[in-house]
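Working notes, structure below.
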Amino acid sequence: MALVLIVGGVAVFVGAIVQGAVGFGLGLVAAPVLTLLKPEIMPGAVQVVNVALPLFTLAVEWRRVDWKGLGFALIGRLPGSAIGALIVVYVSTQTLGILVGSMVLVAVALSARAISVPRNAGTLMGAGFASAVTGTATGIGGPPMGLVYQNAKGPQIRATLAMYFFLSAGQSLVLLAYIGHLPSAALTTGGLLIVPMVVGFLVSGPLRRYLDGGKVRIAILVVASASALVLIGHSVVQAL
(Lines give C-alpha, C1' and ligand atoms only; values in the text may rest on other atoms or scores of the structure.)
Protein backbone atom coordinates (compact mmCIF):
# COMPACT_ATOMS: atom_id res chain seq x y z
CA MET A 1 0.00 0.00 0.00
CA ALA A 2 2.88 2.38 0.72
CA LEU A 3 4.22 1.82 -2.81
CA VAL A 4 0.79 2.39 -4.29
CA LEU A 5 0.36 5.66 -2.43
CA ILE A 6 3.85 6.96 -3.24
CA VAL A 7 4.14 5.97 -6.91
CA GLY A 8 0.42 6.29 -7.54
CA GLY A 9 0.44 9.63 -5.74
CA VAL A 10 3.10 10.96 -8.11
CA ALA A 11 1.05 9.76 -11.09
CA VAL A 12 -2.11 11.41 -9.74
CA PHE A 13 -0.15 14.62 -9.04
CA VAL A 14 1.12 14.77 -12.65
CA GLY A 15 -2.28 13.82 -14.04
CA ALA A 16 -3.97 16.56 -12.02
CA ILE A 17 -1.56 19.12 -13.48
CA VAL A 18 -2.44 17.98 -17.00
CA GLN A 19 -6.19 17.91 -16.38
CA GLY A 20 -6.16 21.18 -14.46
CA ALA A 21 -4.59 22.88 -17.49
CA VAL A 22 -6.17 21.07 -20.45
CA GLY A 23 -9.48 19.75 -19.09
CA PHE A 24 -8.72 16.02 -19.11
CA GLY A 25 -5.73 13.74 -18.67
CA LEU A 26 -5.73 12.47 -15.10
CA GLY A 27 -6.77 8.99 -16.20
CA LEU A 28 -4.08 9.03 -18.90
CA VAL A 29 -1.31 9.23 -16.30
CA ALA A 30 -2.82 7.62 -13.22
CA ALA A 31 -4.92 4.71 -14.52
CA PRO A 32 -2.09 2.64 -16.10
CA VAL A 33 0.21 3.18 -13.10
CA LEU A 34 -2.42 2.20 -10.55
CA THR A 35 -3.46 -0.81 -12.63
CA LEU A 36 0.12 -2.08 -12.75
CA LEU A 37 0.64 -1.49 -9.02
CA LYS A 38 -2.64 -2.93 -7.71
CA PRO A 39 -5.08 -4.03 -10.43
CA GLU A 40 -7.80 -5.09 -7.99
CA ILE A 41 -8.50 -1.46 -6.99
CA MET A 42 -9.10 -0.36 -10.56
CA PRO A 43 -10.97 1.36 -12.08
CA GLY A 44 -12.67 2.33 -8.81
CA ALA A 45 -9.70 4.13 -7.22
CA VAL A 46 -9.14 6.46 -10.15
CA GLN A 47 -12.88 7.15 -10.37
CA VAL A 48 -12.83 8.39 -6.77
CA VAL A 49 -10.18 10.92 -7.76
CA ASN A 50 -12.08 11.68 -10.98
CA VAL A 51 -15.18 12.64 -9.02
CA ALA A 52 -13.21 15.00 -6.76
CA LEU A 53 -10.92 16.88 -9.17
CA PRO A 54 -13.70 18.51 -11.27
CA LEU A 55 -15.05 20.26 -8.18
CA PHE A 56 -11.88 22.38 -8.01
CA THR A 57 -12.15 23.36 -11.68
CA LEU A 58 -15.84 24.17 -11.30
CA ALA A 59 -15.14 26.32 -8.25
CA VAL A 60 -13.13 28.60 -10.54
CA GLU A 61 -14.81 28.33 -13.96
CA TRP A 62 -18.36 26.98 -13.46
CA ARG A 63 -19.89 29.93 -15.33
CA ARG A 64 -18.34 28.71 -18.61
CA VAL A 65 -20.10 25.32 -18.71
CA ASP A 66 -21.71 24.54 -22.08
CA TRP A 67 -24.94 23.18 -20.61
CA LYS A 68 -26.56 22.32 -23.95
CA GLY A 69 -23.55 20.36 -25.15
CA LEU A 70 -23.22 18.71 -21.74
CA GLY A 71 -26.81 17.50 -21.97
CA PHE A 72 -26.21 15.75 -25.29
CA ALA A 73 -23.01 14.15 -24.00
CA LEU A 74 -24.81 12.82 -20.93
CA ILE A 75 -27.55 11.31 -23.10
CA GLY A 76 -24.87 9.37 -24.97
CA ARG A 77 -23.21 8.42 -21.72
CA LEU A 78 -26.20 6.52 -20.29
CA PRO A 79 -25.97 3.45 -22.57
CA GLY A 80 -22.17 3.73 -22.72
CA SER A 81 -21.85 3.33 -18.96
CA ALA A 82 -23.92 0.16 -19.00
CA ILE A 83 -21.77 -1.31 -21.78
CA GLY A 84 -18.61 -0.31 -19.92
CA ALA A 85 -19.86 -2.10 -16.81
CA LEU A 86 -20.59 -5.23 -18.84
CA ILE A 87 -17.08 -5.11 -20.29
CA VAL A 88 -15.63 -5.04 -16.77
CA VAL A 89 -17.47 -8.26 -16.01
CA TYR A 90 -17.54 -10.20 -19.28
CA VAL A 91 -15.28 -8.73 -21.97
CA SER A 92 -11.54 -8.25 -22.41
CA THR A 93 -10.59 -4.65 -21.61
CA GLN A 94 -7.38 -5.26 -23.59
CA THR A 95 -9.32 -5.57 -26.86
CA LEU A 96 -11.36 -2.50 -25.99
CA GLY A 97 -8.24 -0.47 -25.18
CA ILE A 98 -6.55 -1.29 -28.47
CA LEU A 99 -9.68 -0.54 -30.50
CA VAL A 100 -10.53 2.75 -28.80
CA GLY A 101 -6.90 3.88 -28.71
CA SER A 102 -6.59 3.30 -32.46
CA MET A 103 -9.80 5.23 -33.13
CA VAL A 104 -8.55 8.18 -31.07
CA LEU A 105 -5.26 8.24 -33.00
CA VAL A 106 -7.17 8.35 -36.29
CA ALA A 107 -9.32 11.21 -34.99
CA VAL A 108 -6.23 13.12 -33.82
CA ALA A 109 -4.54 12.60 -37.22
CA LEU A 110 -7.60 13.97 -39.03
CA SER A 111 -7.80 16.92 -36.64
CA ALA A 112 -4.10 17.69 -37.14
CA ARG A 113 -4.78 17.91 -40.89
CA ALA A 114 -7.28 20.70 -40.18
CA ILE A 115 -10.29 18.43 -40.59
CA SER A 116 -12.52 19.90 -37.90
CA VAL A 117 -14.64 17.68 -35.68
CA PRO A 118 -18.09 19.31 -35.68
CA ARG A 119 -19.65 19.95 -32.31
CA ASN A 120 -23.30 19.01 -32.63
CA ALA A 121 -25.87 16.74 -31.02
CA GLY A 122 -24.62 13.66 -32.88
CA THR A 123 -20.90 14.07 -32.18
CA LEU A 124 -21.53 15.03 -28.55
CA MET A 125 -23.69 11.97 -27.91
CA GLY A 126 -21.13 9.79 -29.69
CA ALA A 127 -18.30 11.26 -27.61
CA GLY A 128 -20.30 10.80 -24.42
CA PHE A 129 -20.99 7.18 -25.37
CA ALA A 130 -17.34 6.37 -26.19
CA SER A 131 -16.09 8.19 -23.12
CA ALA A 132 -18.51 6.27 -20.90
CA VAL A 133 -17.48 2.88 -22.28
CA THR A 134 -13.73 3.41 -21.86
CA GLY A 135 -14.01 5.48 -18.68
CA THR A 136 -16.09 2.90 -16.85
CA ALA A 137 -14.00 -0.04 -18.07
CA THR A 138 -10.47 1.42 -17.86
CA GLY A 139 -10.58 4.80 -16.10
CA ILE A 140 -9.44 6.65 -19.26
CA GLY A 141 -12.41 8.45 -20.81
CA GLY A 142 -11.26 11.98 -21.66
CA PRO A 143 -10.04 11.88 -25.30
CA PRO A 144 -13.43 11.59 -27.11
CA MET A 145 -14.87 14.60 -25.27
CA GLY A 146 -11.64 16.56 -25.58
CA LEU A 147 -11.54 16.08 -29.36
CA VAL A 148 -15.11 17.33 -29.80
CA TYR A 149 -14.35 20.47 -27.75
CA GLN A 150 -10.86 21.10 -29.18
CA ASN A 151 -11.86 24.36 -30.91
CA ALA A 152 -13.61 25.89 -27.88
CA LYS A 153 -12.02 28.39 -25.52
CA GLY A 154 -9.91 27.00 -22.68
CA PRO A 155 -12.26 27.97 -19.82
CA GLN A 156 -15.29 26.50 -21.62
CA ILE A 157 -13.44 23.25 -22.33
CA ARG A 158 -12.29 22.83 -18.75
CA ALA A 159 -15.61 23.81 -17.16
CA THR A 160 -17.76 21.64 -19.44
CA LEU A 161 -15.50 18.61 -19.16
CA ALA A 162 -15.25 19.10 -15.39
CA MET A 163 -19.03 18.96 -15.00
CA TYR A 164 -19.18 15.97 -17.35
CA PHE A 165 -16.44 14.08 -15.49
CA PHE A 166 -17.96 14.85 -12.10
CA LEU A 167 -21.33 13.40 -13.11
CA SER A 168 -19.87 10.52 -15.12
CA ALA A 169 -17.39 9.43 -12.44
CA GLY A 170 -20.17 9.41 -9.87
CA GLN A 171 -22.30 7.30 -12.19
CA SER A 172 -19.41 4.90 -12.83
CA LEU A 173 -18.83 4.44 -9.11
CA VAL A 174 -22.50 3.56 -8.59
CA LEU A 175 -22.39 1.05 -11.46
CA LEU A 176 -19.13 -0.52 -10.24
CA ALA A 177 -20.61 -0.88 -6.76
CA TYR A 178 -23.79 -2.43 -8.21
CA ILE A 179 -21.89 -5.12 -10.14
CA GLY A 180 -19.61 -5.83 -7.17
CA HIS A 181 -16.38 -4.33 -8.59
CA LEU A 182 -15.84 -1.54 -6.06
CA PRO A 183 -13.89 -3.00 -3.09
CA SER A 184 -13.30 -0.94 0.03
CA ALA A 185 -9.58 -0.84 -0.83
CA ALA A 186 -10.44 1.09 -4.00
CA LEU A 187 -12.41 3.68 -2.05
CA THR A 188 -9.69 4.02 0.62
CA THR A 189 -6.86 4.32 -1.90
CA GLY A 190 -8.80 6.77 -4.04
CA GLY A 191 -9.61 8.89 -1.00
CA LEU A 192 -5.95 9.07 0.04
CA LEU A 193 -4.89 9.99 -3.50
CA ILE A 194 -7.08 13.08 -3.38
CA VAL A 195 -4.27 14.82 -1.45
CA PRO A 196 -1.68 14.74 -4.31
CA MET A 197 -4.54 15.51 -6.70
CA VAL A 198 -5.27 18.79 -4.89
CA VAL A 199 -1.58 19.75 -4.94
CA GLY A 200 -1.37 18.97 -8.67
CA PHE A 201 -4.40 21.12 -9.44
CA LEU A 202 -2.91 24.06 -7.55
CA VAL A 203 0.37 23.69 -9.46
CA SER A 204 -1.51 23.67 -12.80
CA GLY A 205 -2.44 27.36 -12.57
CA PRO A 206 0.54 28.83 -14.50
CA LEU A 207 0.27 26.16 -17.22
CA ARG A 208 -3.45 26.85 -17.54
CA ARG A 209 -2.82 30.56 -18.13
CA TYR A 210 -0.09 29.76 -20.67
CA LEU A 211 -2.29 27.41 -22.70
CA ASP A 212 -5.18 29.88 -22.71
CA GLY A 213 -3.01 32.11 -24.88
CA GLY A 214 -4.07 30.20 -28.01
CA LYS A 215 -2.39 26.85 -27.36
CA VAL A 216 -5.27 24.81 -25.91
CA ARG A 217 -6.11 22.99 -29.15
CA ILE A 218 -2.53 21.78 -29.61
CA ALA A 219 -2.42 20.65 -25.98
CA ILE A 220 -5.67 18.69 -26.42
CA LEU A 221 -4.34 16.88 -29.50
CA VAL A 222 -1.08 16.05 -27.71
CA VAL A 223 -2.83 14.75 -24.57
CA ALA A 224 -5.37 12.79 -26.64
CA SER A 225 -2.55 11.17 -28.64
CA ALA A 226 -0.67 10.31 -25.47
CA SER A 227 -3.86 8.86 -23.96
CA ALA A 228 -4.40 6.66 -26.99
CA LEU A 229 -0.80 5.40 -27.03
CA VAL A 230 -0.86 4.68 -23.30
CA LEU A 231 -4.20 2.87 -23.65
CA ILE A 232 -2.90 0.74 -26.53
CA GLY A 233 0.43 0.01 -24.84
CA HIS A 234 -1.20 -0.85 -21.54
CA SER A 235 -3.69 -3.14 -23.28
CA VAL A 236 -0.93 -4.95 -25.18
CA VAL A 237 1.12 -5.46 -21.99
CA GLN A 238 -1.91 -6.87 -20.18
CA ALA A 239 -2.61 -9.22 -23.07
CA LEU A 240 0.89 -10.71 -23.01
Side-chain angles (χ1 to χ4, degrees), residues 15 19 23-28 30-32 34-35 39-55 57-58 65-104 107 119-149 159-183 186-187 190 224 227-228 230-231 234-235 238:
Q19 184 158 321
F24 68 102
L26 188 145
L28 151 70
L34 290 172
T35 302
E40 59 269 26
I41 66 171
M42 289 294 291
V46 80
Q47 293 293 11
V48 172
V49 183
N50 279 337
V51 83
L53 178 55
L55 297 176
T57 298
L58 290 170
V65 174
D66 174 20
W67 293 104
K68 182 178 179 181
L70 176 67
F72 285 123
L74 291 175
I75 290 173
R77 179 173 179 83
L78 291 174
S81 297
I83 292 175
L86 290 174
I87 288 171
V88 171
V89 179
Y90 298 111
V91 183
S92 167
T93 56
Q94 292 87 349
T95 302
L96 173 71
I98 294 172
L99 176 62
V100 172
S102 300
M103 292 172 61
V104 169
R119 191 164 82 239
N120 54 41
T123 57
L124 285 164
M125 285 190 287
F129 175 83
S131 175
V133 172
T134 58
T136 301
T138 69
I140 301 176
M145 290 294 295
L147 288 172
V148 172
Y149 274 95
T160 305
L161 294 190
M163 182 61 76
Y164 174 81
F165 290 140
F166 171 70
L167 296 174
S168 62
Q171 182 188 44
S172 293
L173 286 171
V174 171
L175 282 172
L176 289 171
Y178 179 76
I179 63 176
H181 280 260
L182 188 63
L187 295 174
S227 296
V230 167
L231 195 55
H234 182 232
S235 299
Q238 282 189 315

Original post:
Under the side-chain contact (heavy atoms from CB on, under 4.5 Å) criterion, do Y164 and D66 qualify, and how do the steps go?
Top reply: CA-CA 10 Å; Y164 174 81; D66 174 20; over 6 Å; no
For the student: nearest non-hydrogen atoms of [X] and [Y], plus distance:
X    : Y    : answer
T123 : R119 : OG1-CA, 3.6 Å
A82  : L175 : N-CD1, 4.3 Å
L70  : T160 : CD1-O, 4.0 Å
G170 : V51  : N-CG2, 3.8 Å

For [X], all residues meeting side-chain hydrogen bond (donor to acceptor under 3.5 Å, both in side chains), sequence neighbours excluded:
X    : answer
T35  : none
S172 : R77, T136
Q19  : none

Original post:
Taking S168 for the side chain and F165 for the main chain, is one N or O donor matched with an acceptor at less than 3.5 Å?
Top reply: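 Present.
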According to side-chain contact (heavy atoms from CB on, under 4.5 Å), who are the partners of [X], at least two apart in sequence or on a separate chain?
X    : value
I179 : A85, V88, V89, L176, H181
A127 : P144, M145, V148
L167 : L74, M163
T57  : E61, R158, A162, F201

Original post:
Tell me, do F24 and N50 make a side-chain contact under 4.5 Å, heavy atoms counted?
Top reply: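 Counting from C-beta outward, F24 and N50 never come under 4.5 Å.
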